[in-house]
Amino acid sequence: MIIITDDEGKQEYQKDAANYLGKADKVYLPETTDEINFIVRDLYSNDIPFTISAARTGLTGGGVPHNGVLISTERLNRIIDIDVENKSALLEPGVHLQTFHDELRQHNLMYPSNPTETWSTIGGNVANNASGAKTFKYGATRNFVNYLEVVLPDGDEIRIRRGEYFAIGNEASLNTLSSNTIKFSIPNIKVPSSTKNAAGYYLRPNMDLIDIFVGSEGTLGVIKKIGLDLLYQSEEVISAIVFFDDYNNLLNFTEYLRNDNPRQLKPRLIEYFDKNSLDLLSKHHSDIPQESLGAIWVEFETNSIMLEHDTLSLYELTLEYTDLVEFTWVAMSDKDREKITKFRHDLPLSVNELLTKYNQQKIYTDTAVPANSFRIYYDEMYSHLNSMGVDYVVFGHIGDCHLHANLFVKNEKDKEKAEEFYHYMMKLAVELDGTISAEHGIGKIKRPYLKYMFSDAEIDGMKNVKKAFDNKNLLASDTLFFDR
Ligand SMILES: Cc1cc2nc3c(=O)[nH]c(=O)nc-3n(C[C@H](O)[C@H](O)[C@H](O)COP(=O)(O)OP(=O)(O)OC[C@H]3O[C@@H](n4cnc5c(N)ncnc54)[C@H](O)[C@@H]3O)c2cc1C
């Protein structure tokens, strides 16, 4: 194990992709997963607080400590096994998503949970129940987690396979490797009925108890091994960026694809770029039509028999909804598809680069609402953005009614307005039965807003779950909640 104690060495571990700054007394880099148990046991017996971090691409400060020890999983990066026949994999937590995608491609397999940031790790993705473009068809990370090994805050361990341990009504108990039993009550919590959600613990009566760890943001234990379900690669994929000179048409096109439709077009992803996003990207992509007010990236899985038919159906649909059909980018080869994927990935990266350049903490929305409220949410968002006089870009997972409005604040006045907008959007999302965080989680930055979504009793219920796992409140003590 490597231990970093010098200020310069620790520096990169004290900040995440949102430029959230923290402080670690020491940074531990275990080199085997069993070292985690050893480290954690020692920290527990000495009452030393600790936090887990992986690639620190997180955007809410969850992987950045306020004090104590930071345990980084960066050296635990082995793909232990890929079982092609059973379409599953076993991994250490520090495997980067891109490394995993590349490896799976060689076996004609895929892991559809694909957050835009492919430098993120599988452990970080499970801890945040990360989602991505393909979540539209396949759901978030949770849907693919079939096995976890979790080191508890006292160094003991839980090994749990999906389908093995369920809560009985609202009562849950889990046995540890040392034959201890962890018991907790599942509070009744109102959660959004149809949106993705990464705010708070996943708690449901009769739930599969593996799900308590998925999305728990590193607050219940250190995930040391992960089993994932996989899928076969699709035989053919059609990927297209469709440009629009009218927002209403863009929204109608999206709605058509989001719902069952007469052409039976069933996309695996629907992603949104607004005009300001296209302007930002045009620095690197000269082929964006100037007339364009927005764009949709859409992707379909198909096969060699249906390829021509589906391509034609998409073409006919674009003819109906946009006057900029001749500018549509269509990719059918892996290489062209990668170009389109890069186009989407370049966007949050460009935003974050600008923020880093001006040393600004990211102010952005991660809200989502149900499909039947999306127009209200969308119109309200732009009406506020356009009246504020603060620079912004909006992009994201429009298929899931989940957009990121990113604000560029230049001075204190801008900051005030941006924060007002940010609060307004979270409250609006909750009013519309949506969520304050659809994918990035609460971490430290969004702790004050958990109460927009949950009552005091619901938050106390979550804190009691945390206490059942971490009686000394040593692990990630400043993530998710304030006092416990
Ligand atoms: C440009 C950009 C684009 C992004 N796009 C998306 C997107 O499309 N979808 C999305 O969901 N997110 C996205 N994110 C956010 C981020 O990539 C995800 O939250 C990701 O899951 C974080 O993974 P990480 O390895 O960087 O974890 P970190 O940031 O290091 O940690 C994140 C959280 O996970 C916990 N954690 C990490 N490893 C473990 C472990 N082994 N055991 C227990 N807890 C652990 C940490 O304590 C922390 O709370 C994006 C970020 C950036 C910068």
Side-chain angles (χ1 to χ4, degrees), residues 12-13 15-20 22 30 33 36 40 50-65 70-77 91-98 100 113-136 140-142 148-153 196-198 213-226 269 271 341 344-353 355-356 362 364 366 368 395-397 400 402-404 406 437-446 469 475-480:
E12 64 174 296
Y13 296 92
K15 184 169 123 170
D16 70 2
N19 291 330
Y20 184 81
T33 50
I36 300 176
V40 170
F50 60 103
T51 302
I52 310 143
S53 94
R56 283 174 314 285
T57 68
L59 292 167
T60 56
V64 180
L70 180 107
I71 302 175
S72 166
T73 60
E74 71 189 52
R75 291 182 165 245
L76 308 173
N77 55 12
L91 303 100
E92 292 183 345
V95 174
H96 292 287
L97 194 57
Q98 189 61 53
F100 190 43
S113 172
N114 68 328
T116 313
E117 177 52 270
T118 53
W119 182 248
S120 66
T121 65
I122 301 295
N125 290 178
V126 173
N128 273 49
N129 188 27
S131 56
K134 292 190 202 115
T135 297
F136 176 66
T141 300
R142 177 183 314 286
L148 290 177
E149 291 182 9
V150 184
V151 180
L152 301 174
K196 302 187 290 187
N197 182 32
F213 298 108
V214 183
S216 61
E217 300 195 45
T219 60
L220 300 181
V222 190
I223 299 166
K224 83 179 214 191
K225 279 186 196 157
I226 300 155
L269 61 85
E271 296 280 302
T341 307
R344 169 64 177 88
H345 286 200
D346 279 352
L347 188 50
L349 292 178
S350 308
V351 169
N352 289 353
E353 265 167 31
L355 295 171
T356 306
K362 200 168 157 87
Y364 74 103
D366 184 28
F395 59 86
H397 315 298
D400 290 315
H402 170 209
L403 295 179
H404 301 300
N406 288 262
S437 172
E439 65 183 11
H440 297 156
I442 298 298
K444 297 184 175 65
I445 296 177
K446 294 199 171 153
F469 284 89
L475 175 57
S477 54
D478 293 327
T479 297
L480 258 179

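Counting starts at 1 for both ligands and their atoms, following the listed order. Treat the numbers as computed from the prediction; the structure is a model and nothing was measured.
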Trainee: Report yes or no: is the cationic atom of Lys446 (NZ for Lys, CZ for Arg) closer than 6.0 Å to the six-membered ring centre of Tyr364, at no more than 45° off its axis?
Mentor: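 Yes, a cation-pi geometry.
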
Trainee: Would you name the heavy atoms of Ile36 and Val151 that are closest together and state the gap between them?
Mentor: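 Minimum heavy-atom contact is CG2-CG2, 3.8 Å.
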
Trainee: Is there a side-chain contact between Leu97 and Asn125 in this structure, where contact means two heavy atoms from C-beta onward sitting under 4.5 Å apart?
Mentor: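 Answer yes - side chains close enough.
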
Trainee: Which residue and atom name correspond to the protein heavy atom nearest atom 10 (C) of ligand 1, and how close is it?
Mentor: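 Answer, as residue, atom name and distance: Ser131 O, 3.2 Å.
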
Trainee: If I apply the N/O under 3.5 Å rule, does Glu439 come out as touching ligand 1?
Mentor: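 Yes; the residue has a nitrogen or oxygen that sits under 3.5 Å from a nitrogen or oxygen of the ligand.
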
Trainee: Identify the residue among Ile122, Thr73, Leu76, Ile226 that makes a side chain to side chain contact (heavy atoms under 4.5 Å, CB included) with Val95.
Mentor: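 One option only clears the test, and that one is Ile122.
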
Trainee: Judged by non-hydrogen atoms, does Gly443 sit under 4.0 Å from ligand 1?
Mentor: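 The answer is no, since Gly443 has no heavy atom less than 4.0 Å from ligand 1.
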
Trainee: With distance as the sole criterion, is a donor-acceptor pair present between the side chains of Ser120 and Thr57 under 3.5 Å?
Mentor: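 Judged by distance alone, the side chains do not pair up.
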
Trainee: Check whether any side-chain heavy atom of Phe50 lies under 4.5 Å from a side-chain heavy atom of Leu475, and answer yes or no.
Mentor: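 Of all side-chain heavy-atom pairs linking Leu475 with Phe50, at least one is under 4.5 Å.
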
Trainee: Does any N or O atom in Ser53 lie less than 3.5 angstrom from one in ligand 1, N or O only?
Mentor: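 No, no N or O pair falls under 3.5 Å.
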
Trainee: What residue and atom, counting heavy atoms only, is the protein's closest point to atom 52 (C) of ligand 1, and at what distance?
Mentor: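 For atom 52 (C) of ligand 1, the nearest protein heavy atom is Glu117 CB, 3.7 Å.
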
Trainee: Got the closest protein heavy atom to atom 53 (C) of ligand 1, with its distance?
Mentor: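 Ranking protein heavy atoms by distance from atom 53 (C) of ligand 1, first comes Asn352 ND2, 3.4 Å.
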
Trainee: Taking a cutoff of less than 4.0 Å between a non-hydrogen atom of the residue and any ligand atom, is Thr51 in contact with ligand 1?
Mentor: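 Per 4.0 Å heavy-atom rule, Thr51 does not contact ligand 1.
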
Trainee: With side-chain hydrogen bond (donor to acceptor under 3.5 Å, both in side chains) as the criterion, how do Ser437 and Asp366 come out once you've worked through the C-alpha distance, each side chain's angles and the decisive distance to 0.1 Å?
Mentor: CA-CA 5 Å; Ser437 172; Asp366 184 28; 2.7 Å; yes

Trainee: Check each of Gly396, Ala438, Pro348 against atom 1 (C) of ligand 1 and report the one with the nearest heavy atom.
Mentor: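 Looking at heavy atoms only, Pro348 sits closest to atom 1 (C) of ligand 1.
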
Trainee: Just to check, does Thr479 reach to within less than 4.0 Å of ligand 1 when the distance is taken from its heavy atoms?
Mentor: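 Under 4.0 Å: no for Thr479.
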
Trainee: Under the 3.5 angstrom rule, does the side chain of Arg142 hit a backbone N or O of Val214 as a donor-acceptor pair?
Mentor: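 Looks like yes, one N/O pair under 3.5 Å.
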
Trainee: Counting from 1, what ligand 1 atoms have a heavy atom of Ala127 closer than 4.0 Å?
Mentor: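 The atoms of ligand 1 under 4.0 Å from a heavy atom of Ala127 are 34 (O), 35 (C), 36 (N), 44 (N), 45 (C).
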
Trainee: May I ask you to check if ligand 1 and Ala55 share an N or O to N or O distance below 3.5 Å?
Mentor: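 Yes; the residue has a nitrogen or oxygen that sits under 3.5 Å from a nitrogen or oxygen of the ligand.
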
Trainee: Please step through side-chain contact (heavy atoms from CB on, under 4.5 Å) for the pair Lys196 and Phe136, ending with a clear verdict.
Mentor: CA-CA 10 Å; Lys196 302 187 290 187; Phe136 176 66; over 6 Å; no

Trainee: Can you sort out which atoms of ligand 1 are near Thr73, meaning under 4.0 Å from one of its heavy atoms?
Mentor: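 Every atom of ligand 1 under 4.0 Å from some heavy atom of Thr73: 41 (N).
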
Trainee: Who's the nearest protein heavy-atom neighbour of atom 27 (O) of ligand 1, and how far?
Mentor: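 For atom 27 (O) of ligand 1, the nearest protein heavy atom is Gly124 CA, 3.7 Å.
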
Trainee: Run the numbers for me: atoms of ligand 1, each under 4.0 Å from some heavy atom of His397, listed by number.
Mentor: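 Ligand 1 atoms under the 4.0 Å threshold to His397: 8 (O).
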
Trainee: To the nearest 0.5 Å, what is the distance between CG (Asn77) and OG1 (Thr121)?
Mentor: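 Answer for the CG-OG1 pair, Asn77 versus Thr121, is 10.0 Å.
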
Trainee: Any idea which protein heavy atom is nearest atom 22 (C) of ligand 1, and the distance to it?
Mentor: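 Result for atom 22 (C) of ligand 1: Thr57 OG1, 3.4 Å.
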
Trainee: Tell me the protein heavy atom at minimum distance from atom 32 (C) of ligand 1, and give that distance in Å.
Mentor: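 Going atom by atom, the protein heavy atom closest to atom 32 (C) of ligand 1 ends up being Asn128 OD1, 3.7 Å.
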
Trainee: Take every heavy atom of Ile52, measure it against each atom of ligand 1, and state whether any distance is under 4.0 Å.
Mentor: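 Yes, Ile52 has a heavy atom closer than 4.0 Å to ligand 1.
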
Trainee: For the 3.5 Å polar cut-off, considering only N or O atoms, please tell me whether Thr116 and ligand 1 meet it.
Mentor: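 Yes, at least one N or O pair falls under 3.5 Å.
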
Trainee: Flag the pair Ile71 / Val40 as yes when at least one side-chain heavy-atom distance between them is below 4.5 Å, and no otherwise.
Mentor: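 They are in side-chain contact.
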
Trainee: State the atoms of ligand 1, each with its element, that fall below the 4.0 Å cut-off from a heavy-atom position in Pro93.
Mentor: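 Checking each atom against Pro93, I get 41 (N).
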
Trainee: Flag the pair Thr479 / Ile442 as yes when at least one side-chain heavy-atom distance between them is below 4.5 Å, and no otherwise.
Mentor: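 Of all side-chain heavy-atom pairs linking Ile442 with Thr479, none is under 4.5 Å.
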
Trainee: Run the numbers for me: atoms of ligand 1, each under 4.0 Å from some heavy atom of Ala17, listed by number.
Mentor: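 Those of ligand 1 that fall under 4.0 Å from Ala17 are 53 (C).
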
Trainee: Show me which atoms of ligand 1 lie under 4.0 Å from any heavy atom of Ala130.
Mentor: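 Those qualifying, in numeric order: 11 (O), 21 (O).
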
Trainee: Contact between ligand 1 and Ala140 is defined here as a heavy atom of the residue under 4.0 Å from a ligand atom; is it met?
Mentor: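 It does not; every heavy atom stays at 4.0 Å or beyond.
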
Trainee: Under 4.0 Å between a Lys/Arg side-chain N and an Asp/Glu carboxylate O for Glu92 and Lys224?
Mentor: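 Salt bridge flag = no for Lys224 with Glu92.
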
Trainee: Starting from atom 31 (O) of ligand 1, find the nearest protein heavy-atom neighbour and note its residue, name and distance.
Mentor: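 Minimum-distance protein heavy atom for atom 31 (O) of ligand 1 reads Gly63 CA, 4.2 Å.
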
Trainee: If hydrogens are left out, which of Ser120, Ser350, Gly441, Ala476 has an atom nearest to atom 23 (O) of ligand 1, that is, the closest non-hydrogen atom?
Mentor: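 The option holding the nearest heavy atom is Ser120.
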
Trainee: Give the atoms of ligand 1, by number and element, whose distance to some non-hydrogen atom of Leu59 is under 4.0 Å.
Mentor: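 This gives 50 (C), 51 (C) as the contact atoms.
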
Trainee: Is any N or O atom of Val222, backbone or side chain, closer than 3.5 Å to an N or O atom of ligand 1?
Mentor: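 No: no nitrogen or oxygen of Val222 is under 3.5 Å from one in ligand 1.
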
Trainee: Regarding Arg56 and Ser53, is there a side-chain donor-to-acceptor distance under 3.5 Å anywhere?
Mentor: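 The criterion, which ignores hydrogens and geometry beyond distance, is satisfied for Ser53 and Arg56.
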
Trainee: Is there a side-chain contact (heavy atoms from CB on, under 4.5 Å) between Leu152 and Phe469? Walk through the geometry before answering.
Mentor: CA-CA 7 Å; Leu152 301 174; Phe469 284 89; 3.8 Å; yes

Trainee: Assign the ring pair His397 / His404 to parallel, tilted or perpendicular, where the plane angle (0 to 90°) is split at 30° and 60°.
Mentor: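 Ring orientation of His397 relative to His404: perpendicular.
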
Trainee: Determine whether the side chain, the backbone, both or neither of His440 has a heavy atom under 4.0 Å from any heavy atom of ligand 1.
Mentor: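 The part of His440 near ligand 1 is the side chain, not the backbone.
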
Trainee: At what distance is the nearest protein heavy atom to atom 29 (O) of ligand 1, and which residue and atom is it?
Mentor: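 Here the closest protein heavy atom is Gly58 N, 2.8 Å.
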
Trainee: Please check whether Arg56 reaches ligand 1 - meaning an N/O of the residue sits under 3.5 Å from an N/O of the ligand, judged on distance alone.
Mentor: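 Arg56 vs ligand 1: N/O contact under 3.5 Å present.
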
Trainee: Taking atom types as modelled and ignoring hydrogens, do the side chains of Glu217 and Thr219 form a donor-acceptor contact shorter than 3.5 angstrom?
Mentor: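 Short answer, no.
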
